[in-house]
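It should be emphasised that the depicted structure is a prediction, and the values quoted were computed from it without experimental measurement.
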Amino acid sequence: MNKLPEFPWDRLEPYKERAQAHPDGIVDLSVGTPVDPVPAVVQNALVQAANSPGYPFTHGTRALREAAAGWLRRRHGVAVEQQDVLPLIGSKEFVAWLPTYLGARRVVFPELAYPTYDVGARLAGAVATASDSTLALGPEQVDLLWVNSPGNPTGRVLPTEHLRKIVSWARERGTVVASDECYIELGWEEEPISILHPDVCGGSHEGLLAVHSLSKRSNLAGYRAGFVTGDPVLVKRLLETRKHAGMMMPAPVQAAVTAALEDDAHADAQRKLYAARRAQLRPALEQAGWSIDHSTAGLYFWASNGQNAWDQVSKLSEIGILAAPGDFYGSAGERHIRIAVTATDERISAAVRRLQ
């Protein structure tokens with residue numbers, strides 16, 4: 001196994017302490033953790049399933065799988081069979097272990113990316129390559145290629161034609177494409193599309209996996225709830241491996257996820273909250289000297305005032321605001337910071353006042 005990097009957020013502690021010293025307290029915009037309540041329909045489903053003394057199924061209940069398939073069809077124009085849905089104990093564990101499940105020897109991910117793509121490659125003892133260009137990869141076999149749209153940290157949406165080219169390239173080489181679509185319901189200026197949409201994949205899911213999370217859509221980060229779907233052969237292989245490893249979503253959480261995926265009203269309401277917070281925070285950042293790049297979807301502003309990322313983090317910490325330095329996500333982010341909009345209305349308003 002390749003040596004794992006230092007956990008990046010540990011390096012933020014001195015800046016967090018400085019921000020916490022602000023007389024009105026910290027405005028923590030460094031991590032995209034939900035702060036709004038878990039929807040009542042989800043809480044009720046969890047409570048009603050609380051008496052679950054037996055082992056849950058790794059494959060999940062049929063009701064959960066049908067709810068996931070129904071959500072994909074209804075909201076994203078994607079058709080999958082219910083048996084091709086596999087519950088996850090949050091999407092992060094799957095991102096970290098997918099290269100190991102696949103026996104991957106070379107893993108490619110975006111130049112600016114969620115750090116766990118790299119960690120997963122290292123856990124598998126694979127070669128990790130950060131690249132936005134398939135042309136630059138050379139002739140060596142790529143076993144797993146990650147795409148992320150809308151992207152973390154940039155909020156960039158990959159166009160349909162670009163995704164189509166990636167699918168074609170991968171199929172010519174026998175490469176598995178895993179698409180991290182955790183922010184897919186949060187398109188603002190652009191509308192994201194799934195790798196499993198027929199306009200992208202031509203109606204075949206061969207060699208493709210789409211990873212989804214309930215953390216952002218339904219405020220279920222604390223429940224650890226997600227799912228993967230796509231190529232039936234790959235999903236079946238993953239299911240068998242996860243059975244052996246005991247990777248089972250708890251039964252009450254399965255019931256909660258089912259309720260969440262069947263209900264669109266709470267997701268629409270949450271989306272409106274994020275839209276309002278974005279509309280309030282963006283002009284304040286721009287007036288304070290930050291430009292916003294990409295950020296057409298998702299829960300973050302990819303911002304820069306031209307300085308080194310850590311200098312920007314330091315500057316904001318002096319007024320009690322904590323942001324994440326862009327180099328957490330790759331060396332290409334050394335002059336950007338990532339600013340989350342997942343703070344309460346009161347804290348977002350506080351940030352706006354401090355930026356003026």
Side-chain angles (χ1 to χ4, degrees), residues 1-10 31-34 38 42 46 55-61 64-65 68 84-104 107-110 113-126 128 143-148 151-153 176-184 195 208-231 234-258 260-261 299 328-329:
M1 182 178 73
N2 299 331
K3 183 180 179 182
L4 296 180
E6 176 187 8
F7 188 66
W9 270 265
D10 291 345
V31 182
T33 188
V38 173
V42 178
L46 184 82
Y55 290 111
F57 292 113
T58 303
H59 202 184
T61 63
L64 184 158
R65 299 193 303 270
D84 299 328
V85 172
L86 179 57
L88 306 173
I89 312 166
S91 60
K92 183 172 183 175
E93 56 92 353
F94 184 77
V95 171
W97 291 110
L98 181 59
T100 298
Y101 293 150
L102 297 177
V107 178
V108 175
F109 45 83
Y114 184 45
T116 309
Y117 304 139
D118 177 50
V119 168
R122 296 182 190 222
L123 288 170
D143 301 299
L144 174 62
L145 175 70
W146 280 104
V147 295
N148 179 209
N152 175 15
V176 173
V177 179
S179 179
D180 181 345
E181 301 178 358
C182 292
Y183 300 90
I184 196 167
I195 198 106
L208 307 178
L209 294 170
V211 184
H212 291 278
S213 170
L214 279 293
S215 295
K216 318 303 184 192
R217 175 187 186 271
S218 302
N219 299 333
L220 296 193
Y223 283 45
R224 308 313 304 132
F227 69 89
V228 62
T229 188
D231 185 330
L234 284 175
V235 171
K236 185 176 181 180
R237 176 179 164 191
L238 293 168
L239 171 60
E240 292 305 312
T241 302
R242 289 172 70 83
K243 282 181 179 178
H244 285 295
M247 302 297 281
M248 300 175 285
M249 180 187 285
V253 177
Q254 292 190 30
V257 168
T258 303
L261 289 169
L299 290 177
F328 275 8
Y329 309 95

Derivation and outcome, side-chain contact (heavy atoms from CB on, under 4.5 Å), residues K92 and R224:
CA-CA 9 Å; K92 183 172 183 175; R224 308 313 304 132; 4.1 Å; yes

Taking all non-hydrogen atoms of both residues into account, name the closest pair between P99 and A121 and its distance.
CG-N, 4.0 Å

Hey, what do you get for OG1 (T229) to CG (L208), rounding to the nearest 0.5 Å?
10.5 Å

In Å and rounded to the nearest 0.5 Å, what is the CG to SG distance from L299 to C182?
10.5 Å

Just so I know, are the side chains of F94 and Y101 near enough to count as touching, which here means a heavy-atom distance under 4.5 Å?
yes

Would you give the length of the straight line joining atom CG of L123 to atom CG of D118, rounded to the nearest 0.5 angstrom?
9.5 Å

Do L144 and V176 have side chains that get closer than 4.5 Å, going by heavy atoms?
yes

Please give me the minimum heavy-atom distance between W146 and P110, naming the atom from each residue.
O-CD, 3.6 Å

What's the shortest heavy-atom distance between I195 and V147, and which atoms?
CD1-CG2, 4.2 Å

Output for pair (M247 CE, L238 CG), nearest 0.5 Å, gives 11.5 Å

Please check: side-chain N/O of Q254 versus main-chain N/O of M249, any donor-acceptor pairing under 3.5 Å?
yes

Can you tell me how far the NZ atom of K243 sits from the CG atom of L86, to the nearest 0.5 Å?
10.0 Å

Do you know the tightest heavy-atom contact between S91 and S213?
OG-CB, 3.9 Å

S218 side chain to L220 main-chain N or O, any donor-acceptor pair under 3.5 Å?
no

How close do N148 and N152 get, counting heavy atoms only, and between which atoms?
OD1-N, 2.8 Å

I'd like to know if the side chain of T116 reaches the main chain of A96, judged simply by a donor and an acceptor atom lying under 3.5 Å from each other, with no hydrogens or angles considered.
no

Could you tell me if the side chain of D143 sits less than 4.5 Å from the side chain of L102, heavy atoms only?
no

For the side chain of H212 and the backbone of Y183, is there at least one donor-acceptor N/O pair under 3.5 Å apart?
no

With side chains defined as the heavy atoms from C-beta onward, is the minimum distance between R242 and W97 less than 4.5 Å?
no

Minimum-distance pair of heavy atoms, taken over all atoms of G230 and V235
N-CG2, 3.9 Å

Any H244 side-chain heavy atom under 4.5 Å of T241 side chain
no

Are the side chains of F227 and V257 in touch, meaning some heavy atoms are under 4.5 Å apart?
no

So how far is it from T258 OG1 to L64 CG, rounded to the nearest 0.5 Å?
4.0 Å

Given side chains that start at C-beta, do those of L261 and L214 come closer than 4.5 Å, heavy atoms only?
yes

Using modelled atom types and a 3.5 Å cut-off, is there a donor and acceptor pairing between side-chain atoms of R217 and backbone atoms of A260?
yes

